[in-house]
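When a residue number appears, it is its place in the shown sequence, counting from 1. We use all heavy atoms of the structure for the numbers below, so side chains are in, but hydrogens, waters and symmetry mates are not.
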Amino acid sequence: MQAVTLPTIGTDTAWRNAARALLAARTPPEDVLWHFGEAAPQLFDAAPIAPTDAPPIKVPASFVALADTVVWHSDPERFARLYALLWRLPHTPGLMTDRGDPGLARLRALEKNVQRCKHKMKAFVRFRDIGPPDLPRRRFAAWFEPTHHTVEPTAPFFAGRFADMDWMIATPDVTARFENGALSFAAGLPRPDLPEDATEELWGTYFCNIFNPARVKISAMTSEMPRKYWKNLPEAKHIHGLLAGAEARVREMQDKGPSLPPARAAKILQQLHAPALAQTLDELRARAEAENRTPLPNRGRIVLGEGPADARLMIVGEQPGDVEDQQGRPLVGPAGQLFDRVAQEAGLDRATAYVTNAVKRFGFTQRGKRRIHQAPERSDIEHARWWIDSEIRIVQPALILAMGATAAKMLTGNGTGILARRSRIEDTPAGPVFLTVHPSYLLRLPDPAQAQDATARFREDLAAVRALMAA
(Lines give C-alpha, C1' and ligand atoms only; values in the text may rest on other atoms or scores of the structure.)
Protein backbone atom coordinates (compact mmCIF):
# COMPACT_ATOMS: atom_id res chain seq x y z
CA MET A 1 0.00 0.00 0.00
CA GLN A 2 1.43 3.39 -1.02
CA ALA A 3 1.04 6.30 1.45
CA VAL A 4 0.90 9.93 0.33
CA THR A 5 0.79 12.77 2.85
CA LEU A 6 -0.14 16.19 1.50
CA PRO A 7 0.65 19.46 3.31
CA THR A 8 -1.99 21.96 4.39
CA ILE A 9 -0.16 24.70 2.45
CA GLY A 10 0.43 24.19 -1.27
CA THR A 11 -1.96 21.26 -1.33
CA ASP A 12 -2.87 21.69 -5.00
CA THR A 13 0.73 21.52 -6.24
CA ALA A 14 1.60 18.67 -3.89
CA TRP A 15 -1.39 16.60 -5.04
CA ARG A 16 -0.57 17.22 -8.69
CA ASN A 17 3.04 16.11 -8.23
CA ALA A 18 2.03 13.03 -6.25
CA ALA A 19 -0.61 12.03 -8.78
CA ARG A 20 1.88 12.40 -11.64
CA ALA A 21 4.39 10.19 -9.85
CA LEU A 22 1.77 7.58 -9.03
CA LEU A 23 0.61 7.44 -12.64
CA ALA A 24 4.20 7.12 -13.84
CA ALA A 25 4.64 4.18 -11.46
CA ARG A 26 1.31 2.69 -12.68
CA THR A 27 -0.04 2.62 -9.13
CA PRO A 28 -3.79 1.87 -9.17
CA PRO A 29 -6.11 3.94 -6.95
CA GLU A 30 -6.86 1.04 -4.61
CA ASP A 31 -3.17 0.83 -3.67
CA VAL A 32 -2.91 4.45 -2.46
CA LEU A 33 -3.64 5.88 0.99
CA TRP A 34 -3.97 9.65 1.06
CA HIS A 35 -3.25 11.69 4.20
CA PHE A 36 -3.68 15.41 4.77
CA GLY A 37 -1.49 17.43 7.10
CA GLU A 38 0.53 15.60 9.74
CA ALA A 39 -1.20 12.22 9.57
CA ALA A 40 -0.04 9.35 11.72
CA PRO A 41 1.50 6.46 9.73
CA GLN A 42 -0.69 3.45 9.10
CA LEU A 43 0.26 -0.17 9.68
CA PHE A 44 0.52 -1.14 6.00
CA ASP A 45 1.90 2.12 4.62
CA ALA A 46 4.78 1.73 2.16
CA ALA A 47 7.63 4.17 1.79
CA PRO A 48 6.74 7.56 0.30
CA ILE A 49 6.84 7.75 -3.47
CA ALA A 50 10.11 8.93 -4.93
CA PRO A 51 10.31 11.96 -7.22
CA THR A 52 10.08 11.08 -10.88
CA ASP A 53 11.29 12.63 -14.12
CA ALA A 54 8.36 11.21 -16.06
CA PRO A 55 6.95 13.55 -18.72
CA PRO A 56 3.81 15.50 -17.79
CA ILE A 57 0.55 13.60 -18.14
CA LYS A 58 -1.80 15.15 -20.70
CA VAL A 59 -5.30 15.57 -19.28
CA PRO A 60 -8.22 17.82 -20.27
CA ALA A 61 -8.03 21.38 -18.99
CA SER A 62 -11.41 20.83 -17.34
CA PHE A 63 -9.90 18.14 -15.09
CA VAL A 64 -7.04 20.45 -14.05
CA ALA A 65 -9.55 23.15 -13.09
CA LEU A 66 -11.65 20.59 -11.24
CA ALA A 67 -8.69 19.20 -9.29
CA ASP A 68 -7.32 22.65 -8.42
CA THR A 69 -10.66 23.40 -6.75
CA VAL A 70 -11.62 20.08 -5.16
CA VAL A 71 -8.30 19.67 -3.30
CA TRP A 72 -9.42 22.51 -1.00
CA HIS A 73 -12.56 20.66 0.11
CA SER A 74 -12.73 19.22 3.62
CA ASP A 75 -13.90 15.77 2.46
CA PRO A 76 -11.17 13.29 3.52
CA GLU A 77 -11.87 11.23 0.38
CA ARG A 78 -11.32 14.10 -2.06
CA PHE A 79 -7.76 13.12 -3.05
CA ALA A 80 -8.69 9.48 -3.61
CA ARG A 81 -11.73 10.45 -5.67
CA LEU A 82 -9.65 12.77 -7.84
CA TYR A 83 -6.96 10.17 -8.42
CA ALA A 84 -9.57 7.51 -9.26
CA LEU A 85 -11.01 9.82 -11.93
CA LEU A 86 -7.53 10.66 -13.23
CA TRP A 87 -6.74 6.93 -13.47
CA ARG A 88 -9.79 6.41 -15.69
CA LEU A 89 -9.28 9.42 -17.99
CA PRO A 90 -6.86 7.86 -20.52
CA HIS A 91 -9.16 4.88 -21.05
CA THR A 92 -12.55 6.64 -21.04
CA PRO A 93 -12.92 9.20 -23.85
CA GLY A 94 -15.37 11.97 -23.08
CA LEU A 95 -15.39 11.18 -19.37
CA MET A 96 -15.17 14.85 -18.32
CA THR A 97 -18.41 15.61 -20.17
CA ASP A 98 -20.34 12.55 -18.96
CA ARG A 99 -22.97 13.99 -16.62
CA GLY A 100 -24.17 10.51 -15.74
CA ASP A 101 -20.84 9.35 -14.31
CA PRO A 102 -21.27 9.05 -10.51
CA GLY A 103 -17.59 9.67 -9.72
CA LEU A 104 -17.49 12.86 -11.76
CA ALA A 105 -20.86 13.97 -10.37
CA ARG A 106 -19.58 13.63 -6.81
CA LEU A 107 -16.48 15.70 -7.62
CA ARG A 108 -18.59 18.36 -9.31
CA ALA A 109 -20.62 18.61 -6.10
CA LEU A 110 -17.42 19.07 -4.08
CA GLU A 111 -16.25 21.69 -6.58
CA LYS A 112 -19.49 23.60 -6.17
CA ASN A 113 -19.15 23.52 -2.37
CA VAL A 114 -15.63 24.95 -2.54
CA GLN A 115 -16.70 27.72 -4.92
CA ARG A 116 -19.53 28.62 -2.57
CA CYS A 117 -17.16 28.67 0.40
CA LYS A 118 -14.77 30.98 -1.49
CA HIS A 119 -17.68 33.28 -2.26
CA LYS A 120 -18.71 33.35 1.40
CA MET A 121 -15.17 34.19 2.43
CA LYS A 122 -15.07 37.16 0.04
CA ALA A 123 -18.42 38.33 1.40
CA PHE A 124 -17.98 37.82 5.14
CA VAL A 125 -14.33 38.52 6.01
CA ARG A 126 -14.31 41.68 8.14
CA PHE A 127 -10.98 43.45 8.65
CA ARG A 128 -10.17 45.52 11.73
CA ASP A 129 -7.59 48.28 11.90
CA ILE A 130 -4.77 47.17 14.24
CA GLY A 131 -1.94 49.58 13.36
CA PRO A 132 -1.02 53.14 14.32
CA PRO A 133 -2.34 55.68 11.78
CA ASP A 134 1.13 57.18 11.14
CA LEU A 135 2.59 54.03 9.50
CA PRO A 136 3.41 54.17 5.75
CA ARG A 137 1.04 51.26 5.20
CA ARG A 138 -2.06 50.68 7.28
CA ARG A 139 -2.40 47.32 9.02
CA PHE A 140 -5.53 45.20 9.32
CA ALA A 141 -6.42 41.77 10.64
CA ALA A 142 -9.43 39.45 10.38
CA TRP A 143 -10.59 36.17 11.85
CA PHE A 144 -12.58 33.75 9.70
CA GLU A 145 -13.81 30.18 10.05
CA PRO A 146 -14.30 28.70 6.58
CA THR A 147 -16.17 25.47 5.96
CA HIS A 148 -13.41 24.19 3.68
CA HIS A 149 -9.69 24.92 3.22
CA THR A 150 -10.29 27.97 1.06
CA VAL A 151 -7.91 30.51 2.59
CA GLU A 152 -5.02 29.82 0.19
CA PRO A 153 -7.00 29.88 -3.08
CA THR A 154 -9.02 32.95 -2.02
CA ALA A 155 -6.18 35.06 -0.57
CA PRO A 156 -5.05 36.39 -4.00
CA PHE A 157 -8.46 38.07 -4.30
CA PHE A 158 -7.79 40.07 -1.13
CA ALA A 159 -4.22 40.81 -2.25
CA GLY A 160 -5.57 42.41 -5.40
CA ARG A 161 -8.39 44.23 -3.64
CA PHE A 162 -6.30 45.57 -0.71
CA ALA A 163 -2.87 45.91 -2.30
CA ASP A 164 -2.16 49.24 -0.58
CA MET A 165 -2.27 47.88 2.98
CA ASP A 166 -0.81 45.08 5.08
CA TRP A 167 -3.26 42.53 6.39
CA MET A 168 -3.64 39.13 7.97
CA ILE A 169 -6.51 36.63 7.74
CA ALA A 170 -6.28 34.09 10.55
CA THR A 171 -8.22 30.82 10.47
CA PRO A 172 -7.96 27.59 12.50
CA ASP A 173 -6.03 25.85 9.67
CA VAL A 174 -4.01 28.42 7.69
CA THR A 175 -3.05 32.05 8.19
CA ALA A 176 -2.63 34.34 5.18
CA ARG A 177 -0.37 37.40 5.46
CA PHE A 178 0.11 40.25 3.01
CA GLU A 179 3.04 42.51 3.91
CA ASN A 180 4.79 45.02 1.66
CA GLY A 181 3.11 43.55 -1.39
CA ALA A 182 4.13 39.92 -0.67
CA LEU A 183 1.59 37.20 0.08
CA SER A 184 2.59 34.31 2.36
CA PHE A 185 0.94 31.49 4.29
CA ALA A 186 1.63 29.96 7.68
CA ALA A 187 -0.01 27.55 10.10
CA GLY A 188 -3.38 28.39 11.60
CA LEU A 189 -3.80 30.43 14.76
CA PRO A 190 -6.23 30.50 17.65
CA ARG A 191 -8.77 33.27 17.43
CA PRO A 192 -6.94 36.55 18.14
CA ASP A 193 -8.39 39.25 20.37
CA LEU A 194 -8.96 41.93 17.74
CA PRO A 195 -9.99 45.42 18.95
CA GLU A 196 -13.05 47.11 17.54
CA ASP A 197 -12.40 50.20 15.44
CA ALA A 198 -14.41 53.26 14.43
CA THR A 199 -15.26 51.85 11.02
CA GLU A 200 -17.40 49.11 12.60
CA GLU A 201 -19.85 51.63 14.01
CA LEU A 202 -20.01 53.38 10.64
CA TRP A 203 -20.54 50.06 8.86
CA GLY A 204 -23.30 49.13 11.32
CA THR A 205 -25.09 52.43 10.66
CA TYR A 206 -24.83 51.87 6.90
CA PHE A 207 -26.10 48.29 7.22
CA CYS A 208 -29.14 49.39 9.23
CA ASN A 209 -29.99 52.07 6.68
CA ILE A 210 -29.82 49.80 3.65
CA PHE A 211 -31.82 47.03 5.36
CA ASN A 212 -35.14 46.72 3.52
CA PRO A 213 -37.82 45.35 5.88
CA ALA A 214 -40.23 44.82 2.98
CA ARG A 215 -37.96 42.13 1.53
CA VAL A 216 -37.34 40.14 4.70
CA LYS A 217 -37.42 36.41 4.02
CA ILE A 218 -35.53 34.57 6.75
CA SER A 219 -34.83 31.38 4.77
CA ALA A 220 -33.42 33.32 1.81
CA MET A 221 -31.36 35.60 4.05
CA THR A 222 -29.80 32.77 6.02
CA SER A 223 -29.09 30.90 2.79
CA GLU A 224 -26.96 33.79 1.53
CA MET A 225 -25.75 34.85 4.99
CA PRO A 226 -25.55 31.63 7.07
CA ARG A 227 -25.83 32.01 10.84
CA LYS A 228 -22.44 30.32 11.34
CA TYR A 229 -20.76 33.54 10.14
CA TRP A 230 -22.82 35.92 12.29
CA LYS A 231 -20.59 35.70 15.35
CA ASN A 232 -17.70 37.23 13.39
CA LEU A 233 -19.71 39.94 11.60
CA PRO A 234 -19.94 43.35 13.33
CA GLU A 235 -23.30 44.04 11.66
CA ALA A 236 -24.81 40.80 13.01
CA LYS A 237 -25.61 42.43 16.37
CA HIS A 238 -28.18 44.61 14.56
CA ILE A 239 -29.96 41.78 12.70
CA HIS A 240 -32.24 40.56 15.50
CA GLY A 241 -33.51 44.07 16.19
CA LEU A 242 -34.02 44.76 12.49
CA LEU A 243 -36.01 41.55 12.05
CA ALA A 244 -38.12 42.23 15.13
CA GLY A 245 -39.08 45.69 13.89
CA ALA A 246 -39.46 44.78 10.22
CA GLU A 247 -43.26 44.57 10.21
CA ALA A 248 -43.67 47.94 11.92
CA ARG A 249 -41.23 49.57 9.49
CA VAL A 250 -43.11 48.14 6.50
CA ARG A 251 -46.36 49.66 7.80
CA GLU A 252 -44.57 52.97 8.29
CA MET A 253 -43.22 52.85 4.73
CA GLN A 254 -46.73 52.13 3.42
CA ASP A 255 -48.21 55.05 5.33
CA LYS A 256 -45.56 57.40 3.97
CA GLY A 257 -45.68 55.99 0.45
CA PRO A 258 -46.77 58.15 -2.49
CA SER A 259 -50.30 57.93 -3.85
CA LEU A 260 -50.91 56.00 -7.06
CA PRO A 261 -50.81 58.01 -10.31
CA PRO A 262 -54.07 58.38 -12.22
CA ALA A 263 -54.95 55.63 -14.69
CA ARG A 264 -54.41 57.98 -17.65
CA ALA A 265 -50.70 58.28 -16.71
CA ALA A 266 -50.03 54.67 -17.74
CA LYS A 267 -51.60 55.27 -21.16
CA ILE A 268 -49.53 58.43 -21.66
CA LEU A 269 -46.30 56.62 -20.76
CA GLN A 270 -47.19 53.76 -23.08
CA GLN A 271 -47.69 56.17 -25.98
CA LEU A 272 -44.40 57.91 -25.22
CA HIS A 273 -42.27 54.76 -25.01
CA ALA A 274 -43.97 52.47 -27.54
CA PRO A 275 -43.54 53.74 -31.13
CA ALA A 276 -46.43 53.33 -33.51
CA LEU A 277 -46.43 50.17 -35.59
CA ALA A 278 -45.03 50.47 -39.10
CA GLN A 279 -47.62 50.90 -41.87
CA THR A 280 -45.71 49.47 -44.85
CA LEU A 281 -42.93 46.94 -45.43
CA ASP A 282 -40.77 49.70 -46.92
CA GLU A 283 -41.15 51.73 -43.71
CA LEU A 284 -40.28 48.62 -41.71
CA ARG A 285 -37.14 47.97 -43.76
CA ALA A 286 -36.03 51.59 -43.39
CA ARG A 287 -36.40 51.30 -39.61
CA ALA A 288 -34.35 48.06 -39.64
CA GLU A 289 -31.58 49.64 -41.73
CA ALA A 290 -31.39 52.53 -39.27
CA GLU A 291 -31.08 50.22 -36.25
CA ASN A 292 -28.52 48.03 -38.02
CA ARG A 293 -26.13 50.98 -38.20
CA THR A 294 -25.56 50.47 -34.44
CA PRO A 295 -24.22 46.92 -33.93
CA LEU A 296 -25.05 45.09 -30.70
CA PRO A 297 -22.56 42.79 -28.90
CA ASN A 298 -23.11 39.09 -29.72
CA ARG A 299 -26.13 39.97 -31.85
CA GLY A 300 -26.44 40.03 -35.62
CA ARG A 301 -28.39 42.49 -37.72
CA ILE A 302 -32.17 42.70 -37.90
CA VAL A 303 -33.40 40.19 -40.48
CA LEU A 304 -36.94 40.97 -41.60
CA GLY A 305 -39.35 38.65 -43.39
CA GLU A 306 -39.83 38.28 -47.11
CA GLY A 307 -42.78 37.50 -49.35
CA PRO A 308 -45.93 39.13 -50.68
CA ALA A 309 -47.25 41.99 -48.56
CA ASP A 310 -50.78 40.56 -48.97
CA ALA A 311 -49.90 36.88 -48.34
CA ARG A 312 -52.76 34.89 -46.81
CA LEU A 313 -50.23 32.63 -44.98
CA MET A 314 -47.45 33.86 -42.68
CA ILE A 315 -44.72 31.38 -41.67
CA VAL A 316 -42.93 32.31 -38.45
CA GLY A 317 -39.69 30.59 -37.39
CA GLU A 318 -37.65 31.17 -34.24
CA GLN A 319 -34.62 33.38 -34.97
CA PRO A 320 -32.04 33.90 -37.73
CA GLY A 321 -28.97 31.69 -37.78
CA ASP A 322 -25.47 32.46 -38.99
CA VAL A 323 -26.38 31.95 -42.66
CA GLU A 324 -29.54 34.05 -42.36
CA ASP A 325 -27.58 36.85 -40.71
CA GLN A 326 -24.99 36.84 -43.48
CA GLN A 327 -27.55 36.81 -46.30
CA GLY A 328 -30.14 39.00 -44.59
CA ARG A 329 -32.95 36.54 -45.40
CA PRO A 330 -35.03 34.28 -43.12
CA LEU A 331 -34.99 30.45 -43.27
CA VAL A 332 -32.16 29.99 -45.77
CA GLY A 333 -29.73 28.02 -43.54
CA PRO A 334 -29.74 24.24 -42.96
CA ALA A 335 -33.12 24.35 -41.18
CA GLY A 336 -34.59 26.55 -43.91
CA GLN A 337 -33.33 24.22 -46.64
CA LEU A 338 -34.95 21.27 -44.85
CA PHE A 339 -38.18 23.26 -44.58
CA ASP A 340 -38.14 24.04 -48.31
CA ARG A 341 -37.69 20.38 -49.20
CA VAL A 342 -40.44 19.10 -46.90
CA ALA A 343 -42.78 21.96 -47.87
CA GLN A 344 -42.33 21.09 -51.55
CA GLU A 345 -43.13 17.43 -50.78
CA ALA A 346 -46.26 18.56 -48.90
CA GLY A 347 -47.37 20.82 -51.77
CA LEU A 348 -46.89 24.04 -49.79
CA ASP A 349 -45.51 26.85 -51.94
CA ARG A 350 -43.20 29.03 -49.89
CA ALA A 351 -43.22 31.76 -52.55
CA THR A 352 -46.89 32.52 -51.82
CA ALA A 353 -46.31 32.97 -48.08
CA TYR A 354 -44.71 35.72 -46.02
CA VAL A 355 -41.76 34.06 -44.21
CA THR A 356 -40.25 35.64 -41.11
CA ASN A 357 -38.90 34.89 -37.63
CA ALA A 358 -40.22 35.67 -34.17
CA VAL A 359 -36.82 37.03 -33.06
CA LYS A 360 -35.08 39.24 -35.60
CA ARG A 361 -31.43 39.12 -34.54
CA PHE A 362 -28.99 36.20 -34.56
CA GLY A 363 -27.77 35.58 -30.99
CA PHE A 364 -24.34 33.98 -30.73
CA THR A 365 -21.20 33.38 -28.69
CA GLN A 366 -17.90 34.11 -30.42
CA ARG A 367 -15.41 31.23 -30.30
CA GLY A 368 -12.41 32.10 -32.41
CA LYS A 369 -13.73 32.76 -35.90
CA ARG A 370 -16.93 30.78 -35.28
CA ARG A 371 -20.22 32.22 -34.05
CA ILE A 372 -22.01 29.62 -31.92
CA HIS A 373 -25.81 29.90 -31.92
CA GLN A 374 -27.41 30.85 -28.59
CA ALA A 375 -31.07 30.44 -27.69
CA PRO A 376 -32.93 33.78 -27.63
CA GLU A 377 -33.26 35.44 -24.25
CA ARG A 378 -36.38 37.07 -22.87
CA SER A 379 -35.04 40.52 -23.82
CA ASP A 380 -34.59 39.35 -27.43
CA ILE A 381 -38.23 38.24 -27.58
CA GLU A 382 -39.48 41.51 -26.07
CA HIS A 383 -37.34 43.54 -28.49
CA ALA A 384 -38.75 41.60 -31.46
CA ARG A 385 -42.40 41.99 -30.45
CA TRP A 386 -42.74 45.39 -32.14
CA TRP A 387 -41.33 44.00 -35.38
CA ILE A 388 -43.56 40.93 -35.61
CA ASP A 389 -46.63 43.00 -34.61
CA SER A 390 -45.83 45.42 -37.44
CA GLU A 391 -45.44 42.58 -39.94
CA ILE A 392 -48.77 41.03 -38.91
CA ARG A 393 -50.49 44.43 -39.11
CA ILE A 394 -49.16 45.03 -42.64
CA VAL A 395 -49.64 41.53 -44.09
CA GLN A 396 -52.87 40.66 -42.24
CA PRO A 397 -52.56 36.92 -42.90
CA ALA A 398 -55.54 34.59 -42.72
CA LEU A 399 -53.42 31.93 -40.97
CA ILE A 400 -50.04 31.95 -39.20
CA LEU A 401 -47.83 28.85 -39.12
CA ALA A 402 -45.73 29.04 -35.93
CA MET A 403 -42.71 26.72 -35.92
CA GLY A 404 -40.98 26.09 -32.60
CA ALA A 405 -41.24 27.24 -28.99
CA THR A 406 -40.06 30.82 -29.53
CA ALA A 407 -42.65 31.48 -32.24
CA ALA A 408 -45.35 29.90 -30.08
CA LYS A 409 -44.31 32.04 -27.10
CA MET A 410 -44.39 35.21 -29.19
CA LEU A 411 -47.76 34.54 -30.82
CA THR A 412 -49.74 32.63 -28.18
CA GLY A 413 -48.01 33.67 -24.96
CA ASN A 414 -47.06 30.05 -24.20
CA GLY A 415 -43.91 28.39 -25.52
CA THR A 416 -44.17 25.08 -23.67
CA GLY A 417 -45.49 21.65 -24.69
CA ILE A 418 -45.02 22.12 -28.44
CA LEU A 419 -45.02 18.37 -29.13
CA ALA A 420 -48.37 18.00 -27.37
CA ARG A 421 -49.90 21.11 -28.98
CA ARG A 422 -48.63 20.61 -32.53
CA SER A 423 -51.02 20.11 -35.46
CA ARG A 424 -53.60 22.33 -33.73
CA ILE A 425 -54.94 25.81 -34.40
CA GLU A 426 -55.05 28.23 -31.47
CA ASP A 427 -56.95 31.52 -31.49
CA THR A 428 -54.76 34.50 -30.60
CA PRO A 429 -54.98 38.32 -30.82
CA ALA A 430 -52.92 37.97 -34.03
CA GLY A 431 -55.47 35.58 -35.52
CA PRO A 432 -55.52 31.77 -35.89
CA VAL A 433 -52.10 30.16 -35.31
CA PHE A 434 -51.21 26.63 -36.47
CA LEU A 435 -48.49 25.14 -34.23
CA THR A 436 -45.75 22.72 -35.26
CA VAL A 437 -42.08 22.01 -34.51
CA HIS A 438 -39.18 23.96 -35.97
CA PRO A 439 -37.19 22.14 -38.70
CA SER A 440 -34.02 22.57 -36.60
CA TYR A 441 -35.62 20.12 -34.15
CA LEU A 442 -35.54 17.48 -36.89
CA LEU A 443 -31.86 18.17 -37.58
CA ARG A 444 -30.97 17.64 -33.91
CA LEU A 445 -32.53 14.17 -33.58
CA PRO A 446 -29.66 11.65 -33.22
CA ASP A 447 -31.60 8.53 -34.18
CA PRO A 448 -32.16 8.26 -37.99
CA ALA A 449 -35.40 6.29 -37.55
CA GLN A 450 -36.75 8.84 -35.09
CA ALA A 451 -35.72 11.69 -37.38
CA GLN A 452 -37.49 10.01 -40.32
CA ASP A 453 -40.72 9.61 -38.32
CA ALA A 454 -40.55 13.19 -37.04
CA THR A 455 -39.97 14.50 -40.57
CA ALA A 456 -42.99 12.57 -41.82
CA ARG A 457 -45.10 14.12 -39.05
CA PHE A 458 -43.75 17.57 -39.97
CA ARG A 459 -44.68 16.92 -43.61
CA GLU A 460 -48.22 16.06 -42.50
CA ASP A 461 -48.45 19.36 -40.61
CA LEU A 462 -47.38 21.34 -43.67
CA ALA A 463 -49.84 19.41 -45.84
CA ALA A 464 -52.61 20.24 -43.36
CA VAL A 465 -51.69 23.94 -43.62
CA ARG A 466 -51.82 23.69 -47.43
CA ALA A 467 -55.25 22.09 -47.23
CA LEU A 468 -56.50 24.80 -44.85
CA MET A 469 -55.29 27.54 -47.18
CA ALA A 470 -56.91 25.82 -50.16
CA ALA A 471 -60.21 25.59 -48.30
Discussion item. Could you go through Gln2 and Thr27, starting from their C-alpha distance and side-chain angles, then the distance that decides it, and tell me whether this counts as side-chain hydrogen bond (donor to acceptor under 3.5 Å, both in side chains)?
Written reply: CA-CA 8 Å; Gln2 181 70 64; Thr27 306; 5.4 Å; no
Less than 4.0 Å between a side-chain N and a carboxylate O, is that true for [Y] and [X]?
X: Arg138; Y: Asp164; result: no
X: Glu426; Y: Arg421; result: yes
X: Asp75; Y: Arg106; result: yes
X: Asp166; Y: Arg139; result: no

Under 3.5 Å donor-acceptor, [X] side chain and [Y] backbone:
X: Glu291; Y: Arg301; answer: no
X: Glu324; Y: Gly333; answer: yes
X: Thr175; Y: Ala187; answer: yes
X: Gln366; Y: Gly368; answer: yes
X: Arg137; Y: Met165; answer: yes
X: Asn357; Y: Glu318; answer: yes
X: Asp68; Y: Ala65; answer: no
X: Arg78; Y: Val71; answer: yes

Worksheet item: What's the shortest heavy-atom distance between Val174 and Thr8, and which atoms?
Response: CG2-O, 4.0 Å
Worksheet item: Do Asn113 and Arg116 have a side chain donor and acceptor closer than 3.5 Å?
Response: no
Between [X] and [Y], is the ring centroid distance below 6.0 Å?
X: Phe162; Y: Phe127; result: yes
X: Trp167; Y: Phe178; result: yes
X: His149; Y: Phe36; result: yes

Item to complete: Start with the C-alpha gap between Ser440 and His438, add the side-chain angles, then the distance that decides, and say whether side-chain hydrogen bond (donor to acceptor under 3.5 Å, both in side chains) holds.
Response: CA-CA 5 Å; Ser440 62; His438 195 273; 2.9 Å; yes
Discussion item. Evaluate Thr171 against Asp173 for side-chain hydrogen bond (donor to acceptor under 3.5 Å, both in side chains), listing each step before the verdict.
Written reply: CA-CA 5 Å; Thr171 75; Asp173 297 321; 5.4 Å; no
Discussion item. Surrounding CD of Gln452 (heavy atoms of other residues, nucleotides or ligands, distance under 6.0 Å), is the total greater than 12?
Written reply: no
Worksheet item: Around Lys409, counting heavy atoms of other residues, nucleotides and ligands shown, do more than 12 lie under 6.0 Å from its NZ?
Response: no
Practice prompt. Let me know which of Arg371, Arg361, Lys360 forms a salt bridge (Lys or Arg N to Asp or Glu O under 4.0 Å) with Asp325.
Written response: Arg371
Item to complete: Could you give me the CA-CA distance, side-chain angles and deciding distance for Ser423 and Asp461, then say whether side-chain hydrogen bond (donor to acceptor under 3.5 Å, both in side chains) is met?
Response: CA-CA 6 Å; Ser423 308; Asp461 285 346; 2.5 Å; yes
